[in-house]
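Atoms considered below: every heavy atom in the structure, side chains included; atoms not considered: hydrogens, waters and symmetry mates. Chain letters run A, B, ... following the sequence lines, proteins first and then strands; every chain starts at 1.
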There are 2 protein chains.
Amino acid sequence: MAAEIDETDRLLLRLLRADGRRTYSEMAPEVGLSVAAVKRRVDRLRDIGIITGFTVQVDYARLGWGIEAFIELSFLGSTTVDAMVDSASAMPEVQAVHTIAGDPDALVLLRVRDIAHLQQVIDAFRRGGKVTSTKTLMVLGSWSRDS
Amino acid sequence: MAAEIDETDRLLLRLLRADGRRTYSEMAPEVGLSVAAVKRRVDRLRDIGIITGFTVQVDYARLGWGIEAFIELSFLGSTTVDAMVDSASAMPEVQAVHTIAGDPDALVLLRVRDIAHLQQVIDAFRRGGKVTSTKTLMVLGSWSRDS
DNA sequence: GTTGAAACACTGCCTCA
DNA sequence: TGAGGCAGTGTTTCAAC
């Protein structure tokens, strides 16, 4: 688990972050190594758990999920962290759940079709019984490193 | 721009979300098409802007960036949305900036090495002059759809 | 780092509705 | 006309050494 990472590894991660489908032969000249050496480094980054996977980036607004919102949730004092994540992640509109130290207890990222849909998801949380308060933060726009 | 998406496209997106490096030959039997047809569909999803890119998923904790935190920022009334994003995204610790309708004005995702580093980033925001208040939400754990 | 074999990506052409 | 299948070529991956 002693993750020993050098500058070449960091450069490879940066290249893959910008384009996860970049080929080894494309990256090799950029880092000054042979194709096989690049593959071995990327394989190693996967093996030691620094690279956890690859994924596609999707413009959900074009798929009809036009609204993004964060919801701050507070739970009953008896609720465990696992129970918070379980109840939130069960809804298909929930994209991510972050448990928080302090107040609120969790920050949930939602993607919904429209305002009525948003209302419906918030109601579902409140009806769950364990949530004691919600605060909705509607996202106007997002910037993300790389992407 | 009339993004007409059918069930096969949705399935391909789901497969690529779980593994963005999945090969066309691997996906072809799963959707019941030929390899070339799958490639043409994925190319089309990129062309019409539904697929915006591919990226690698990294475990930043193993890279020494052990702490994740959200910061809610309120800005002076005269600050434009672009100025908020510009000032936040200039810091390397900032991973994402979401501008918000209402209060606060922005929600910023940070990754820092330790608490001292977090303190330092928060101070940088406050010293910027345009931020009128901050609230820090320290992340204990995160769940993300797929990933 | 180099090499060779197998898998894969890509393109043009043909078919079908 | 638009989408899919097939087949040939070039590239990439992968596991030797």
Participant: Rounded to whole angstroms, how far apart are CZ on A:Arg46 and P on D:dT13?
Facilitator: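 In whole Å, D:dT13 P lies 13 Å from A:Arg46 CZ.
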
Participant: Group every Ile, Leu, Val, Met, Phe, Trp and Tyr by side-chain heavy-atom contacts under 4.5 Å, then state whether A:Ile71 and B:Leu107 land in the same group.
Facilitator: no

Participant: Nearest whole angstrom, please: distance from the P of C:dC10 to the CD of A:Glu26.
Facilitator: 11 Å

Participant: Of B:Arg113, B:Arg111, B:His117, which is the lone residue that meets side-chain hydrogen bond (donor to acceptor under 3.5 Å, both in side chains) with B:Glu93?
Facilitator: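 The option that passes is B:His117.
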
Participant: From the options D:dG4, C:dG1, D:dT12, select the nucleotide whose nearest atom is closest to the side chain of B:Leu33.
Facilitator: D:dG4

Participant: Given atom CZ of B:Arg21 and atom P of C:dA9, what is their separation to the nearest angstrom?
Facilitator: 11 Å

Participant: Among the candidates D:dT13, D:dG5, D:dA3, find the nucleotide nearest to the side-chain atoms of B:Ser34.
Facilitator: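 Within the option list, the nearest is D:dG5.
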
Participant: Tell me, with the steps shown, if B:Thr134 and B:Arg126 meet side-chain hydrogen bond (donor to acceptor under 3.5 Å, both in side chains).
Facilitator: CA-CA 8 Å; B:Thr134 69; B:Arg126 304 190 72 97; 2.8 Å; yes

Participant: In whole Å, what is the span from the CZ atom of A:Arg44 to the P atom of D:dC14?
Facilitator: 18 Å

Participant: Hey, is A:Lys39 close enough to A:Asp43 for a salt bridge, meaning N to O under 4.0 Å?
Facilitator: yes

Participant: Does B:Lys39 put a side-chain nitrogen or oxygen below 4.0 Å from OP1 or OP2 of C:dA9?
Facilitator: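 No, outside the criterion.
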
Participant: Within the 4.0 Å heavy-atom criterion, would you say A:Arg40 contacts the bases, only the backbone, or no part of the nucleic acid?
Facilitator: base

Participant: So which nucleotide from C:dG1, C:dC10, D:dG5 ends up closest to the side chain of B:Ala37?
Facilitator: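 Of all the options, the side chain of B:Ala37 is nearest to D:dG5.
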
Participant: Rounded to whole angstroms, how far apart are CZ on B:Arg41 and P on D:dG2?
Facilitator: 15 Å

Participant: Taking atom C1' of C:dC8 as reference, at what distance in whole Å does atom CG of B:Asp19 sit?
Facilitator: 15 Å

Participant: Just to be sure I understand the rule, does B:Ala36 reach a base, reach only the sugar-phosphate, or reach nothing, if contact means heavy atoms closer than 4.0 Å?
Facilitator: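 If one applies the 4.0 Å heavy-atom cut-off, B:Ala36 turns out to touch a base.
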
Participant: Report yes if at least one side-chain N or O of A:Ser25 is closer than 4.0 Å to OP1 or OP2 of D:dT12; otherwise report no.
Facilitator: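 True: A:Ser25 side-chain N/O within range (under 4.0 Å) of D:dT12 OP1/OP2.
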
Participant: If I take atom CD in residue B:Glu4 and atom P in nucleotide D:dA3, what distance separates them, rounded to the nearest angstrom?
Facilitator: 9 Å

Participant: Can you check the A:Met27 CE to D:dT11 P distance for me, whole Å?
Facilitator: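 Taking CE of A:Met27 and P of D:dT11, I get 18 Å after rounding.
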
Participant: Would you verify whether the NZ or CZ of B:Arg17 falls within 45 degrees of the ring axis of A:Tyr60 while also being under 6.0 Å from that six-membered ring's centre?
Facilitator: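 Pair B:Arg17/A:Tyr60 does not count as cation-pi.
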
